[in-house]
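Report on the structure given below.
These numbers were taken from a predicted model, which means no experiment stands behind them. Throughout, residue positions are numbered sequentially from 1 according to the sequence presented.
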Amino acid sequence: MTTTTTTPRAVVSACALDEDLLALPYRDNTLCGENGASLSGGQKARVALARAVYQVWGDG
């Protein structure tokens with residue numbers, strides 16, 4: 001079995017999060033949730049997808 005790693009940038013693009021990150025005040029450093037920025041349902045779904053993809057194909 002070969003090991004493939006995927007960069008965070010590739011995952012963001014594959015999960016269509018580019019525009020979402022650009023809209024956040026601190027991009028990927030923006031806190032989200034109770035005391036941070038609010039995400040729409042679609043954004044939450046894309047973030048969940050990106051986390052799952054990166055967990056499987058990223059650095060771990």
Side-chain angles (χ1 to χ4, degrees):
M1 180 174 168
T2 60
T3 302
T4 303
T5 58
T6 301
T7 64
R9 179 79 235 136
V11 173
V12 166
S13 291
C15 296
L17 281 168
D18 299 300
E19 290 185 28
D20 295 326
L21 287 177
L22 289 175
L24 295 172
Y26 300 107
R27 308 297 186 256
D28 61 339
N29 290 316
T30 301
L31 294 177
C32 297
E34 284 185 37
N35 297 317
S38 297
L39 297 178
S40 71
Q43 289 169 323
K44 288 177 185 176
R46 289 187 290 278
V47 168
L49 176 62
R51 286 178 177 160
V53 168
Y54 196 72
Q55 186 174 19
V56 173
W57 286 292
D59 290 336

> For the atom pair CG (L17) and CZ (R9), what is the distance rounded to the nearest 0.5 Å?
Replying inline: 9.0 Å

> If you take all heavy atoms of V11 and A50, which pair is closest and at what distance?
Replying inline: CG1-O, 3.5 Å

>> With rounding to the nearest 0.5 angstrom, report the OH to OG1 distance, Y54 to T7.
In response: 7.5 Å

> Can you tell me how far SG of C15 sits from CD of Q43, rounded to the nearest 0.5 angstrom?
Replying inline: 13.5 Å

> Which atoms form the tightest heavy-atom contact between R27 and L21, and what is the distance?
Replying inline: CD-O, 3.2 Å

> Which pair of non-hydrogen atoms, one from D20 and one from R46, has the smallest distance, and what is that distance?
Replying inline: OD2-NE, 2.7 Å

> Do you reckon L49 sits in the same ILVMFWY cluster as W57, going by side-chain contacts under 4.5 Å, direct or chained?
Replying inline: yes

> Same hydrophobic cluster for L24 and Y26, using side-chain heavy-atom links shorter than 4.5 Å among ILVMFWY?
Replying inline: no

